[in-house]
Amino acid sequence: MNSVLHFRQIFRKPFRTLLYVLLLALLTTFFSLSLNLYRNSRENIRLADETYSTIAVMELYADVDSRGNLLAEVGGVEDYAGYQALTAYGYDLSPIVHAPGVEKYDLRARYGAFAEGELACRPSGIRDSIDRMSGPMFCDDVIRFKVIEDVTESHQGFGLSGKPAEDEPAADDGLIRIACLGISKSISGQYLRTEFLDSANGAFEYEKDITPVFWLSERQAEHYAAEIACLNGTEAAEHIVLEPGTEYVGLVSASSMPPGFMRTDSGLYYADSINFKADSLFVDRYYYYSALGGEDVDSTARSGQPFWLYRYADVLADSELAEQLEQIRRAYYINARSFGVMATDDLLGVPAFHLGNMFMKEGRTISDAEYGSGARVCIISSDLARAQGWEVGNNVEFQYYEYDHFVNATLWGSELAPRYTYSDPQNFFDGGSYEIVGIYEMRPIVGTSTVSEAALSVPWNTIFVPKRSIRNAPAESELPVSGALLTLWIENGKIEPFLEEMDALGITGQKAGDYEAKFTFYDQGYSNIQPSLNALSGTAELLLILSSVLLLTAAVLLAFFFVLSQKQNLGVMRMLGCSGARAFCTVFLSALLIAALGVGAGAAAGHALTEQVGQHILAEANTAPEAYRAFSAYIASGQNAAMEFALGASVRTTAFALAAALGLFLLGTAAFTLRYLAKEPRALLPESHA
């Protein structure tokens with residue numbers, strides 16, 4: 001009976017009761033809204049981290065001469081090649097890879113991989129110059145041959161590009177003279193009927209009527225005067241003199257007229273021209289820089305480099321020369337069967353994969369477990385698969401060796417060109433059988449970038465393998481560093497702190513006689529949504545803090561004033577003999593009724609308003625200045641990742657907000673009610689009634 005009267009008394013003052021309901025509804029609406037927004041902001045950050053990744057491509061720049069030597073002073077240097085992007089050896093990466101925001105890094109290593117029985121070829125379609133037509137990739141050869149006769153006259157009109165000048169009549173002594181470009185007034189255009197006896201490369205079937213090309217500069221003629229005299233006898237060096245029927249050993253490069261090398265019935269490649277040239281083993285290779293061409297590789301002859309043509313009998317009589325030529329033969333055989341391998345810890349760190357220029361066409365990519373265990377698996381390009389006839393599931397046996405001077409060319413159709421340059425016949429540091437698990441395809445690079453295309457392109461014949469699959473590999477400190485080899489993973493949204501650290505350490509910024517590191521960041525469009533993420537996250541955090549403090553404070557105060565308003569009723573009920581427990585339940589149930597109405601309405605309102613408020617915040621963020629997008633570098637907008645923002649309210653989150661608001665008010669009500677019930681009943685009544 002007392003409880004019923006108490007409930008009636010509550011609603012006798014509807015304004016006060018309605019005020020409690022409205023205040024609780026507003027508090028709960030605010031808290032429910034802010035809690036849902038905060039939950040959405042956390043969820044959107046999680047989605048963004050799963051959808052986007054940010055990588056940095058670092059290129060090292062410096063003022064250099066043509067040999068790549070760093071210049072402390074540019075003025076007055078005649079051999080100045082410009083401010084170039086370089087490949088650096090021995091560069092200390094530790095302050096960079098341990099900088100704030102760097103999650104991990106991958107310094108890829110490139111090696112030559114010799115595959116016995118697998119001639120390295122180009123497929124048709126991989127061509128950016130005459131030198132890159134289909135056929136064997138490595139065309140240098142050591143041949144043993146003898147000339148039968150000079151058949152130039154029978155080939156008039158079929159490519160003859162010149163005849164001996166009128167003041168140089170041909171000698172009628174049965175010998176054959178090949179004009180040397182660079183000295184003679186005539187141009188070599190002779191056809192020789194030749195019998196080929198041996199080939200080191202093993203890839204070519206030479207045309208019996210073949211065009212020889214022999215280029216000899218004055219300096220070279222002077223340097224090799226003894227060798228030329230041995231060939232020619234007393235003849236001057238304007239010509240190379242060949243004696244029909246005599247066996248010779250020549251260092252040559254095989255070539256063929258367009259459209260490229262054609263296969264013969266024997267499975268070899270048809271060559272109709274040979275260019276006598278210096279070997280590529282007894283040379284010192286180095287980076288060469290020019291203001292127009294950028295980075296390239298050149299070479300100079302070492303002391304004792306053999307000449308390009310010898311009588312076979314002279315080779316047999318000279319054991320040192322015979323050993324040199326045997327070393328060249330072996331190197332050429334290996335180079336003709338060498339492939340370019342790139343060892344990596346994460347294929348997605350390769351900029352072309354990250355940007356979407358490369359994608360898996362067949363099979364699968366390398367798994368995390370295979371990276372970790374060093375499984376001997378690999379992925380190859382569709383062009384390489386076509387050139388070699390390889391398929392997913394095939395196994396290829398590789399033997400690894402190091403090669404210097406990696407240049408990732410910038411043109412479509414560029415290729416890795418590993419070169420075995422060791423005299424030791426067993427200079428392989430590891431090897432094994434690799435299973436082809438996937439084939440990737442390349443899209444052409446479009447758009448522009450602040451880094452060179454070399455850092456973004458991938459040579460068509462690149463084979464990717466897990467780095468740990470190669471044992472006894474050189475230490476990381478010995479690996480070259482360039483934009484094409486190094487990838488840094490940066491925490492999304494942490495580019496500016498990273499750059500500030502680089503500036504503070506002096507890594508960025510142009511310096512005389514030292515490298516300047518330049519970074520370009522590829523975030524798959526993350527910086528386009530970063531203002532929205534920041535706005536939603538920052539607003540939600542602020543609103544949650546305010547609503548939490550307000551809810552806690554106001555709920556306790558409302559509970560206090562509600563119980564204070566029931567103080568006299570509690571005293572009356574106790575004076576009329578009502579037990580403390582029943583009096584507590586009566587007040588608590590009244591508070592529960594009021595709270596249920598207010599908190600329930602507020603939770604529903606907050607739930608409904610969440611999406612509208614979230615959209616409004618995002619709309620405001622979209623007007624952020626362009627500076628927020630300063631670090632979003634990409635090749636084409638279609639390569640950006642896409643994420644749908646989570647904006648709707650969660651039933652679970654709203655339920656939690658409802659429970660929190662309800663609980664705070666009821667806990668406060670219970671605490672204050674128990675405090676009053678602990679007093680004497682008369683103490684709860686006004687003094688005039690006490």
Side-chain angles (χ1 to χ4, degrees), residues 57-91 110 126-132 137-140 181-182 215-220 223 253 275 277-302 305 340 351 403-419 421 445 448-461 479-486 509-520:
V57 174
M58 182 188 79
E59 288 200 295
L60 297 172
Y61 282 80
D63 289 301
V64 292
D65 62 18
S66 61
R67 291 293 186 97
N69 299 311
L70 304 185
L71 298 176
E73 294 184 7
V74 175
V77 179
E78 294 182 1
D79 192 24
Y80 177 58
Y83 193 65
Q84 300 279 359
L86 310 174
T87 299
Y89 288 79
Y91 187 82
R110 79 287 170 273
I126 297 298
R127 176 180 176 181
D128 53 26
S129 72
I130 293 296
D131 295 332
R132 297 187 186 277
M137 291 180 60
F138 185 80
C139 297
D140 291 356
L181 301 180
W215 185 290
L216 195 64
S217 69
E218 292 184 11
R219 184 186 62 81
Q220 291 167 335
H223 180 77
S253 178
N275 179 22
K277 56 176 290 187
D279 71 272
S280 57
L281 182 64
F282 288 89
V283 297
D284 292 316
R285 304 174 79 220
Y286 58 89
Y287 286 109
Y288 176 78
Y289 296 90
S290 67
L292 297 177
E295 185 182 69
D296 204 346
V297 174
D298 206 342
S299 62
T300 56
R302 297 179 195 162
Q305 183 186 36
Y403 75 97
D404 291 331
H405 303 103
F406 167 83
V407 173
N408 199 8
T410 60
L411 295 175
W412 178 81
S414 62
E415 60 193 20
L416 293 181
R419 292 292 180 262
T421 57
I445 296 176
T448 58
S449 171
T450 58
V451 298
S452 69
E453 290 182 17
L456 304 178
S457 64
V458 172
W460 69 268
N461 61 330
L479 299 178
V481 177
S482 75
L485 295 174
L486 176 66
Q510 188 170 353
K511 299 176 285 294
D514 201 355
Y515 297 106
E516 175 191 5
K518 290 186 176 182
F519 298 91
T520 302

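Residue numbers count from 1 along this sequence.
- Note that OH of Tyr288 and OG of Ser299 are 13.0 Å apart. Values are rounded to the nearest 0.5 Å.
- Closest heavy-atom contact between Ala62 and Asp514: CB-O, 3.6 Å.
- Between Leu70 and Asp63, every side-chain heavy-atom pair lies at or beyond the 4.5 Å cut-off.
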side-chain contact (heavy atoms from CB on, under 4.5 Å) for Val481 and Met58? Distances and angles first, verdict last.
CA-CA 9 Å; Val481 177; Met58 182 188 79; 3.8 Å; yes

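- Using a distance-only test at 3.5 Å, with no hydrogens or angles considered, no donor-acceptor pair links the side chain of Gln84 to the main chain of Asp65.
- Rounded to the nearest 0.5 angstrom, Leu479 CG and Leu486 CG are separated by 10.5 Å.
- Between Tyr286 and Thr300, the closest heavy-atom pair is CE2-CG2, 3.6 Å.
- More than 12 heavy atoms of other residues, nucleotides or ligands lie within 6.0 Å of CZ in Arg302, so this atom counts as buried by the packing criterion.
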* Asked: Given the rule in the side-chain contact (heavy atoms from CB on, under 4.5 Å) test, do Arg110 and Tyr403 qualify, once you have shown the distances and angles that lead to the verdict?
  -> CA-CA 8 Å; Arg110 79 287 170 273; Tyr403 75 97; 3.7 Å; yes

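- A distance-only check finds no donor-acceptor pair linking the side chain of Arg285 to the backbone of Ser280 [under 3.5 Å].
- Taking the six-membered ring where the residue is Trp, Tyr289 and Tyr287 present tilted rings, their angle falling between 30° and 60°.
- Proximity of a side-chain donor or acceptor of Asn461 to a complementary backbone N or O of Leu416 within less than 3.5 Å is detected.
- The two residues Ala512 and Ala72 have their closest heavy-atom pair at CB-O, 3.3 Å.
- Scanning all heavy atoms of the two residues, the minimum distance from Gly340 to Pro418 falls at N-CG, 4.0 Å.
- The existence of a salt bridge linking Arg67 and Asp79 is excluded, since no basic side-chain nitrogen approaches an acidic carboxylate oxygen closer than 4.0 Å.
- Atom-to-atom distance recorded for Lys518:NZ and Glu59:CD is 9.0 Å, nearest 0.5 angstrom.
- The main-chain N or O of Ala278 is never found under 3.5 Å from a side-chain atom of Gln305 such that the two would form a donor-acceptor pair.
- Note that CG of Asp284 is 10.5 Å distant from CG of Asp404, once rounded to the nearest 0.5 Å.
- Side-chain contact between Pro480 and Leu485: present, with at least one pair of heavy atoms (C-beta onward) separated by less than 4.5 Å.
- When side chains are defined from C-beta on, Arg419 counts as touching Phe138, because their heavy atoms get closer than 4.5 Å.
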